[in-house]
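In what follows, a structure is listed as structure tokens, so that the remarks can point back to it.
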Amino acid sequence: MSKLLVTGGAGFIGSNFVHHVVGNTDHEVIVLDKMTYAGNEASLAGLPADRVRLVVGDIADATLVDELFSQVDAVVHYAAESHNDNSLHDPRPFLDTNIIGTYTLLEAARKHDKRFHHISTDEVYGDLELDDPARFTENTPYNPSSPYSSTKAGSDLLVRAWVRSFGVRATISNCSNNYGPYQHVEKFIPRQITNVIRGIRPKLYGAGENVRDWIHADDHSSAVLTILERGVIGETYLIGADGEKNNKDVVELILETMGQPRDAYDHVTDRAGHDLRYAIDSTKLRTELGWMPAYSDFETGLANTIDWYRNNETWWAPTKDRVEAFYASKGQ
Ligand code: NAD
Ligand code: TDX
């Protein structure tokens with residue numbers, strides 16, 4: 001049995017990971033979360049108090065981080081400013097959390113010699129053409145497009161430098177787009193599901209040809225646990241589940257699954273610098289560490305996610321109006 005520090009554990013993917021750890025291991029968890037607009041204590045509701053403790057604080061608070069690192073065996077670092085659209089509006093918090101916050105954690109990992117796993121994104125590799133047969137691998141050069149992805153790329157490079165320069169026992173994973181329960185309504189899939197529930201037409205940026213490579217958040221969690229247990233120090237692993245779909249197809253599938261006409265959506269102003277396509281080749285993780293995704297069927301995973309948003313309106317309703325007002329002010 002180990003004690004894990006999970007940063008950002010009250011956010012979307014972090015809270016899914018905490019649920020996965022409680023359900024599949026006997027580890028204890030300390031969640032360190034600043035509870036920004038994206039953190040939600042309700043995402044941790046129902047978890048056993050003797051195994052999960054929430055500490056509200058900033059990963060850039062070196063004194064707090066030092067104290068927490070002394071209490072745990074390993075650290076899984078999810079905390080981030082995570083939304084591209086917000087990074088185009090106000091980049092500063094992305095530098096503070098994604099760069100300075102990660103630096104603060106790495107200094108503590110170095111001082112306390114703690115195993116450290118850094119969660120990152122496929123967006124660090126930039127984007128691919130629609131007809132390019134290539135997918136991202138661990139050897140693809142970094143080429144981020146947005147303030148969000150450039151700060152995530154910067155944080156990845158800090159981790160690599162702390163491994164090489166100071167011997168920090170770290171691994172990195174870069175995952176594709178996640179979907180599932182507890183995802184903030186600012187993001188594409190929950191925004192459209194909750195729009196349909198509210199009687200608002202879904203909003204597709206531009207022509208909707210952009211491709212994302214979807215993976216269920218629970219599969220992301222099982223991959224991270226695998227890397228934590230069996231990953232080689234200093235290595236990077238790409239996480240993906242062969243789920244490429246364009247945004248238009250996803251919106252139409254959401255509408256159809258929710259009993260609406262497939263064309264009942266609006267095209268709105270495109271995102272500035274909008275990445276065209278992401279696609280992950282996760283061969284290394286599958287062959288070297290033996291990981292496999294459990295959710296092979298996007299339609300079923302999406303239907304379960306729609307049910308979750310239908311059954312958990314009290315979780316998302318408090319933020320829905322503010323998010324839609326923000327998008328409306330930008331013609332989106
Ligand atoms: P999220 O925005 O839902 O959650 C982020 C969490 O971090 C929130 O609970 C927030 O309160 C917390 N946080 C933010 N700043 C903090 C700070 N300074 N100190 C402590 N806590 C802070 O994000 P998410 O979608 O769950 O993403 C989690 C991680 O996974 C991020 O590192 C992101 O880059 C990465 N990732 C996300 C996706 C995706 O599809 N969402 C895909 C690949 C990788
Ligand atoms: O209303 C919308 N309409 C729309 O067409 C929104 C919110 C998005 N989109 C498009 C933009 C993207 O092509 O849908 C796609 C997905 O958008 P987001 O949910 O904002 O995700 P993305 O920008 O792809 O980034 C996500 O995956 C990688 C996460 O937010 C990142 O944290 C992660 O690193």
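Here the structure is a predicted model, which is why all the values come from computation and not from measurement. Read the numbers this way: they start at 1 and go in the same order the structure lists the ligands and their atoms.
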- Is it the side chain (CB and beyond), the backbone, both or neither of K187 that lies under 4.0 Å from ligand 2, heavy atoms counted? both

- ligand 2 versus Q192, non-hydrogen atoms closer than 4.0 Å: side chain, backbone, both, neither? side chain

- Query: Is the backbone N or O of L238 less than 3.5 Å from a side-chain atom of E138, with the two atoms forming a donor-acceptor pair by type?
  - Reply: yes

- Donor-acceptor contact present, side-chain N312 to main-chain W315, <3.5 Å: no

- Sole residue of Y295, W308, F298 in ring pair (Phe, Tyr, Trp, His ring centres under 6.0 Å) with Y179: F298

- Task: State, yes or no, whether a side-chain contact exists between N84 and K187 at a heavy-atom distance under 4.5 Å.
- Result: no

- Do K3 and H27 come within less than 4.5 Å of each other through their side chains, counting heavy atoms only? no

- Query: Could an N or O of ligand 1 be found under 3.5 Å from any N or O of K187, whether backbone or side chain?
  - Reply: no

- Message: Taking distance alone, with N or O pairs closer than 3.5 Å, would you say Q183 contacts ligand 1?
- Response: no

Residue selection (non-hydrogen contact nearest [atom]) among [options]:
| atom | options | value |
| --- | --- | --- |
| atom 14 (C) of ligand 1 | A38, G8, A80 | A80 |
| atom 37 (C) of ligand 1 | I13, I100, N40, T121 | I13 |
| atom 35 (C) of ligand 1 | I239, V124, I119 | I119 |
| atom 2 (O) of ligand 1 | S155, S82, P93 | S82 |

In terms of residue, atom name and distance, what is the protein heavy atom nearest to [atom]?
| atom | result |
| --- | --- |
| atom 34 (O) of ligand 2 | Y148 OH, 2.5 Å |
| atom 3 (O) of ligand 1 | F12 N, 3.0 Å |
| atom 21 (O) of ligand 2 | N177 ND2, 3.5 Å |

Which atoms from ligand 1 have a heavy atom of [X] less than 4.0 Å away?
| X | result |
| --- | --- |
| A10 | 9 (O) |
| S120 | 43 (C), 44 (C) |
| D58 | 17 (C), 18 (N), 19 (N) |

Does even one non-hydrogen atom of [X] get within less than 4.0 Å of ligand 1?
| X | value |
| --- | --- |
| M35 | yes |
| Y148 | yes |
| T7 | no |

- Item | Ring geometry between Y265 and H267 (parallel below 30°, tilted from 30 to 60°, perpendicular above 60°) | perpendicular

- Message: Students often mix this up, so state it plainly: with edges at 30° and 60°, are the rings of Y327 and Y205 parallel, tilted or perpendicular?
- Response: perpendicular

- Criterion side chain to side chain contact (heavy atoms under 4.5 Å, CB included) against V55, the qualifying member of L64, L5, V31: L64

- Item | Atoms in ligand 2 flagged as close to E186, the criterion being non-hydrogen separation under 4.0 Å | 7 (C)

- Numbering the atoms of ligand 2 from 1, which are under 4.0 Å from a heavy atom of Y327? 7 (C)

